Number of protein chains: 2
Amino acid sequence: MEDVARRAGVSTATVSRTLRGLPNVSADTRGRVLAAAAELSYVVSPIASRLASRRTHTVGVVVPHAARWYFSKVVAGAEEVLREAGLDLLLYSLGDLSARTRFFDQLPLRRRVDAVLTVAMPLTEPEYEAVHTLGVPVVATGLRATGTHCVRIDDTGVMLTAVEHLAGLGHRRIGMISTYADQSMWLPVAHERRAGYLAGLAVTGLPVEPDLVVSVPFGVSGGERAMRRLMERPDPPSAVVAESDELAFGAVAAARRMGLAVPGDVSVVGIDDHDLSDVMDLTTVRQEVVEQGVQAGRMIVRAVQHPGEEPRELVLPTSLVVRGSTAPVAGSSP
Amino acid sequence: MEDVARRAGVSTATVSRTLRGLPNVSADTRGRVLAAAAELSYVVSPIASRLASRRTHTVGVVVPHAARWYFSKVVAGAEEVLREAGLDLLLYSLGDLSARTRFFDQLPLRRRVDAVLTVAMPLTEPEYEAVHTLGVPVVATGLRATGTHCVRIDDTGVMLTAVEHLAGLGHRRIGMISTYADQSMWLPVAHERRAGYLAGLAVTGLPVEPDLVVSVPFGVSGGERAMRRLMERPDPPSAVVAESDELAFGAVAAARRMGLAVPGDVSVVGIDDHDLSDVMDLTTVRQEVVEQGVQAGRMIVRAVQHPGEEPRELVLPTSLVVRGSTAPVAGSSP
DNA sequence: TTGTATGCGTTATCAT
DNA sequence: ATGATAACGCATACAA
C-alpha cells in the first residue's frame with residue numbers, strides 16, 4: 001500500500017479511502033490512486049483489512065449434510081448473494097453427531113464470522129445459546145425460529161395441500177411416510193408435516209389411523225422400507241403422502257417392485273419438487289429451495305449492516321404440482 | 001491474550017506458543033496457560049494470527065454449480081478433511097459466464113488462500129495462468145490436469161465399460177447421449193467419454209454411426225430431448241449410453257413417455273451411480289464422488305504443508321453396476 | 001479533501 | 001524454556 005501511495009503521491013490513508021470507495025476523495029486523486037494500484041496490480045490484504053476494521057466480512061453457513069439436495073440448493077442460493085455483497089462464505093457440514101457436538105462445544109466460529117446462517121438446523125436450547133454467545137446475527141432457513149431471523153415455508157400447509165389433493169381424488173385411506181430424527185436434526189419439520197397430514201385428514205373428514213403413519217430414516221431407501229411396510233398390511237392405504245420427494249421416490253420404486261401400479265393401486269405425493277420429480281412423474285408440492293437461500297442471504301446482508309434489528313420471518317409460497325403419480329381412487333366414480 | 005498471559009504469570013509469547021502446541025513449553029506453564037485461557041474462555045483471533053503468520057489457513061474451492069449433484073458431493077468430501085486439518089473452505093460457485101470471467105479477471109482469491117481446489121473446471125490457458133499467479137498450490141478434480149495435482153477417474157474407461165456391457169448383451173447399434181459445453185465448462189470430460197464410446201465400438205467390432213451421437217445441454221431435460229431425437233429416427237438404436245446418470249434419467253423417462261419399454265425396446269446405461277439410480281433401476285458405471293473430494297482434500301493438505309512438490313495424479317477406480325435398464329437385445333439369443 | 005499517528009491481536013526474531 | 005519487541009498490512013480518529 002505504501003508503494004501505491006508513493007506512486008500516486010499521496011498518503012496510505014488516502015489510498016485506503018480510495019480503494020474502499022469512500023466519498024471524501026477528490027476525483028483527481030482517486031484517479032491517480034486507482035491508476036497506481038492497477039499498475040502495481042495491487043489489492044488490499046483482506047486479512048490485514050479485517051484485523052484493522054474489526055469486521056470479518058465472513059458468514060458461517062452451517063448445514064447438516066452439505067451433499068444433500070436441499071442443503072446444497074440453499075447454500076448455492078446464499079452463496080450468490082453473499083458473494084455479491086462481498087461476504088465470504090465459510091461452510092460447516094455437521095455430518096454426524098460427534099461433529100455436531102464438537103462444533104457447539106468449541107464454537108470454531110468464535111471471532112471468525114459477522115453472521116451465521118443455519119440451514120434446516122433445529123437447535124437445542126444449549127446449542128441456541130452457544131450460537132448466541134458469538135454475538136452476531138443469526139438467520140435460519142427451513143424451519144420456524146424464535147429469536148432469530150428466518151425464512152421458511154409453511155410446513156404444515158404443504159402437507160395439508162397434499163392430503164387435500166388426494167382426498168379430492170376420492171382417497172379415503174391415506175398413509176404417510178415420515179422420518180424420525182436422524183440425530184435430532186430436522187425434527188421440527190417432520191413434526192409440522194405430520195401435523196399437516198393430520199390437519200388434512202381433519203379438514204377432509206377422514207378418520208385418523210395411526211398405523212398408517214410410518215417413520216423411517218431420511219432417504220430413498222427409507223422411502224422404500226416405509227412403502228413396503230404400508231403395502232404389506234392386510235388393508236393397505238390407497239394413497240400415500242411422503243414427507244419429501246426423496247422418500248416418495250423410494251416409495252414409488254418399492255410399490256412397483258411389489259408389483260403394484262402407481263397410481264393404479266396406490267397414489268403417491270411428495271414435497272419439494274426435486275429436480276428429478278418430473279422424470280419420476282411424481283405429484284408433489286413445490287417449494288423454491290434456491291430462493292430460500294437467496295432470501296436468507298439477503299437477510300444476512302441486512303443483518304450484518306444493521307445488527308440488532310427485530311427478527312424477521314419470511315414464509316415463501318408453495319404450490320401443488322400434479323403429475324402422474326396420483327389418480328382417482330380405484331373403484332370410485334369421482 | 002494479554003489477560004491470559006497475566007493470569008498465567010507468563011508473557012504473551014508463551015501463551016502464543018502454548019496455544020499453538022509448540023514443543024518448547026514446559027508442562028507446568030502449559031497447564032497454567034491452558035487453565036487461564038479456559039477460565040477466560042479465550043480463543044485466538046484467527047485473523048490476527050493469519051496476519052502475523054502470513055498464512056491464510058484457507059483454501060478456495062471453485063465449482064461451476066454448487067447445487068449440482070457431482071459438485072456438492074465433492075465439496076462435502078473435501079470439506080470434511082479440510083475442516084479436520086484446520087483449513088477454512090471458501091466456496092466460489094461460478095454459475096454463469098459473467099461470474100466466471102469476473103472471477104478470473106479480478107481474482108478475488110488473491111492474498112486470500114493458501115491453496116485452490118478446482119472441481120471439474122477445465123481452465124483455458126489464460127485462466128490457468130491467472131490461477132497460477134496466485135502463487136499457491138492447485139488441486140483439480142474431475143478431469144485430467146497438467147502442471148497441477150489432480151484426482152479423477154478414467155473417463156474414457158467408464159464409457160468403454162458401458163459400451164462393452166451393452167455389446168455383451170448383443171446390442172450392435174448403440175447410441176450415445178453427450179453434452180455440449182455449457183460455457184466451455186466440462187468440455188474435456190465430454191470429450192473423453194465420447195472417445196471412450198468410440199473405443200468401445202472399436203473394441204467390440206461395431207461400426208461407427210455418427211448420427212447415433214447426439215449432444216444436448218447437461219441435465220435431465222437434455223437427456224429427454226436426446227432420447228426423443230434418437231428414438232424418432234427411422235432406425236433407432238437398441239441401446240443408449242449416456243454421459244451421466246442425470247442424462248440417463250431423462251432418457252429413460254422420455255423413452256417410456258414415447259411408449260417404448262426400457263429395457264425391452266431400448267436399453268440405457270449411465271455413468272455415476274447417482275443416489276437415485278437405484279430407484280430408477282438404472283444400469284450405470286459407478287464412481288466414488290465423495291471419495292474424490294476426500295482425496296482432493298488430502299492432496300490440498302499435503303500441498304499446503306509441502307508446497308512445490310511434484311504434481312501428483314490420482315485415478316480412482318470405477319465399477320459397472322448392472323440393474324434393470326439393460327437387457328439382451330430383442331430378437332437375439334444371447 | 002488529505003495527512004499523521006495509533007491500534008488491530010497475533011507471530012516471530014532475538015535475546016536471555 | 002521464557003521474555004521483550006518488532007513486524008504483519010491495513011483502518012481510523014484526529015488534526016490540518
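Numbers restart at 1 for each chain; the letters A, B, ... are given by sequence-line order, proteins then strands. Note that the structure is predicted; figures quoted are calculated from it, not measured.
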**Study point:** Within residues 19-59 of chain B or reaching into it, pairs that qualify as ring-ring contact (aromatic ring centres under 6.0 Å, His included) - sequence neighbours excluded
**Key:** none
Check your understanding: Under 4.0 Å between a side-chain N/O of A:Ser16 and OP1 or OP2 of D:dA11, yes or no?
Key -> yes
Point to revise | Phosphate contact (D:dT12 OP1 or OP2) by A:Arg20 side-chain N/O below 4.0 Å | key: yes
Exercise for review: Would you mind classifying the nucleic acid contact of A:Val33 as base, sugar-phosphate or nothing, using non-hydrogen atoms under 4.0 angstrom?
Suggested key: nothing
Revision key, fill the gap. From CZ of A:Arg111 across to P of C:dC8 the rounded distance in Å is 12 Å
Review point. How many angstroms lie between CG in A:Leu143 and NE2 in A:His191, if you round to the nearest 0.5 Å?
Key: 13.0 Å
Review point. Would you say B:Arg298's side chain and B:Val294's backbone share a donor-acceptor pair under 3.5 angstrom?
Key: no
**Study point:** For atom CD1 of B:Ile47 and atom P of C:dT10, their distance in whole Å
**Key:** 11 Å
Review point. In whole angstrom, what separates B:Arg110's CZ from D:dG9's P?
Key: 16 Å
Practice item. Could you encode protein contacts along nucleotides 1-8 of chain D as a string, one character per nucleotide from 5' to 3', using B for base contact, S for sugar-phosphate-only contact and - for no contact, with a heavy-atom cut-off of under 4.0 Å? Key: SBBB---B
Review point. C:dT10 C1' sits how many Å from A:Arg50 CZ, rounded?
Key: 16 Å
Exercise for review: Check the distance between C:dG9's C1' and B:Met1's CE and give it to me in whole angstrom.
Suggested key: 8 Å
Study note, to complete from the structure: From CG of A:Leu40 across to C1' of D:dG9 the rounded distance in Å is 16 Å
Review point. How long is the span from the OG1 atom in B:Thr14 to the CG atom in B:Asn24, to the nearest 0.5 Å?
Key: 9.0 Å
Practice item. Measure from the side-chain N and O atoms of A:Ser41 to the backbone N and O of A:Ala38, and report whether any donor-acceptor pair falls under 3.5 Å. Key: no
Review point. Roughly how many Å is it from CG in B:Leu19 to P in C:dA12, rounded to a whole number?
Key: 14 Å
Point to revise | Residues in salt bridge (Lys or Arg N to Asp or Glu O under 4.0 Å) contact with A:Glu129, at least two apart in sequence or another chain | key: none
